[in-house]
K.L.:
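My questions will all concern the structure given below.
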Amino acid sequence: MQIRIERLTKTYANQRGINQIDLTLPEGGLTAIVGPSGCGKTTLLRTLAGLIKPDSGAIRFGGKDVTYAPPQHRGATMVFQNYALWPHMSVFDNIAYGLKLRRTPAAEIELRVTDVLRRVEIDPADVKKRHPQQYSGGQQQRIALARALVVQPHLLLMDEPLSNLDAKVRQRLRVEIRNIQQSFGITALYVTHDQEEALSMADYVVLMNEGRIEQAGTPKEVYYQPSSYFTAHFLGDSHTLHVRRGAEMKRLVVRSCDMTIGSRAEQLPPGSARDYPLAESVEGGWQLTGEVTNHLFIGSSYRHMVRIGSQTFFADADEAYEPGVYRLHLPEERAYWFEPEGQGADTGGRMISGVTA
Amino acid sequence: MNNAQTARAAGTERTAKIPSSIWKWLAGAGIAAPAVSIVGIFFVYPFIQSLTESFRTEDGAYTLANYGKAFRLYAGDMWFTLWVSGLSLGLLLLLSVLLGGLLRLKTASFVEFLFKIPLFVPFVVVGHAMRVFLAPHGTLNSALMPLGLYDPDQVPSIAFSTAGLVLALVWKNIGFALLLVLGAFRGVDNSYLEAARNQGAGSFRLIKDILLPMGKGSIGVVAVLTFSSMMGSFSIPAMMGSADGRQMLMVDLYYQIVYQQDYGVANALGVISYLVSMGAAIYYMKKVAKA
């Protein structure tokens, strides 16, 4: 079912809400909303769930207007950050609760709960005796997912479902949640503050900032074609360099992972970082001058701390470089530049002509 | 260091260690002593005395006669006391859970304030207010009179009946019960309620399926404490007591002490009510606290 959100607005007295949100969730796809805390992503999610009433705007499920419908009459179920599984009920009762409220016959409840448990890979054998707290965090989140899916909702809402889990379980569950969502073919909205999670799981990424949608598109689009300084700076481990282009100042956003240390041969004489331009346009991209202060072995490669100007970048390389001043390379298609702050709207684009710092 | 020195060092160490632990123990005991002695002097001793007195006649012989007499005279009143306390408790729990649930789901500070008033009204005042309100020619009946529901010469009375007694006990205890129940309900994380609402539960379901089971520990505490306090209530039963002769146990106990001066029977009645209250507490520990 297609979910449309039209000019949805909710303002709070002392906290940021959402402002004129227009969004269509692709049917059967997973849309991730990502943004810094306080950007309004959770407000948007809870408005869709019916837990918050918007000030204005509309939410349409298919053709039906559900803007002010109570939570139980809109067919949007939610997975919570802390799972919110009721500790006094068995796992079976937790999952069956929504079905019982809908007066589903007991035999059918049994069948549907067993079916959904199999699909989220929880052993249905002893779920009537065991309580949620007897399961691991990852399992509990899968049980929560089963509870949300068993009532066959039109929309599945997930509010940072993995943020209470440790890194390893989180990695695994990303794939599992994605697989489950695809196997059910359900339209899903996934809220996270973790950009990596959003980029890796979603069909469609919505980047929010200060109650507005900053940019929306496929993960590749928002990552490689940032339309604003905010997007470019928010995604990836990004840093901003203020560079001069002729008479104008520009902001050049550089993502650490796009930057490479050329080779050992490009080490410059010691103490000479200031003698070279911070960033200059060269054939095929940019040449930056930075000082490698130290490096860490991170398994697959070496991560170097590189000081460029007053900022520290990470630059990964297959071999470890000694501390010293090096030339670094940034390919042209990975250089994002913007007007400086307070100079009208950001103009997205790539730096073309040469500048010096 | 030679052997003698080692032995001496070990010796001083040992003699130094033992007193320090004794000192620690004494210091601990010293801190606890005032509290323990207060409990001992003012609670344990009177209780033991009351217990022994209940088994003795006036000439000092040990016997079960006091209990025999207590049961012979007051078996009916014992059942009546249990019945009134039980009924009041049931009503109280029902009211405070429903009210607490609604207040948890929807904030209404004025209503909450209203129900906290009984906490600060003394028992005798409640008793008197209820007498005035519920008496045959009291406020309630006078207000209803114009409706012509009953014959003015034969007005029904809620005061001086079991209903009046129950009403007054519930009124007096609702503030305390609500305080604890609402506290427990407020301790239930919002996400549990939101998850249930999200699954389709309305207010009544939220109270019955989520708040009540998750707050049942505190509700158990309310139940045991108010049941014991109702069993032991005196001023309200004395002022609202039924006219047909059935009394609550504390009124009987007062009668035995003040008018009959039969301390043996009075002590026996005291021990019996204590055992019933303790029974409720044990039931609570086994059924509610464990789960």
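Every chain is numbered from 1 and lettered A, B, ... according to where its sequence line falls, protein lines coming before strand lines.
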K.L.:
Select one option (side chain, backbone, both, neither) describing which atoms of A:A144 are under 4.5 Å from chain B's heavy atoms.
P.N.:
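For A:A144, no heavy atom lies under 4.5 Å from chain B.
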K.L.:
So for A:L101, is it side chain, backbone, both, or neither that comes closer than 4.5 Å to the heavy atoms of chain B?
P.N.:
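For A:L101, the contact with chain B is made by the side chain alone.
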K.L.:
Using non-hydrogen atoms and a 4.5 Å limit, figure out which bit of A:R102 sits close to chain B: side chain, backbone, both or neither.
P.N.:
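Looking at A:R102, just its side chain touches chain B.
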K.L.:
Could you tell me whether A:E121 atom CD has more than 12 heavy atoms of other residues or ligands within 6.0 Å of it?
P.N.:
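No, not enclosed.
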K.L.:
Determine which residues belonging to residues 192-210 of chain B lie within contact range of chain A, meaning some heavy atom pair is under 4.5 Å apart, and list them by number or answer 'none'.
P.N.:
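B:Y192, B:E194, B:A195, B:A196, B:R197, B:N198, B:Q199, B:G200, B:A201, B:R205, B:D209, B:I210, listed by number.
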K.L.:
Return the set of residues passing side-chain hydrogen bond (donor to acceptor under 3.5 Å, both in side chains) with B:S229 (not counting sequence neighbours), or none when no residue passes.
P.N.:
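Counting only residues at least two positions away or on another chain, B:S229 forms no side-chain hydrogen bond (donor to acceptor under 3.5 Å, both in side chains).
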K.L.:
Could you tell me which of A:N82, A:L157, A:V151 has the largest number of non-hydrogen atom pairs under 4.5 Å with chain B?
P.N.:
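Maximum pair count with chain B is reached by A:N82.
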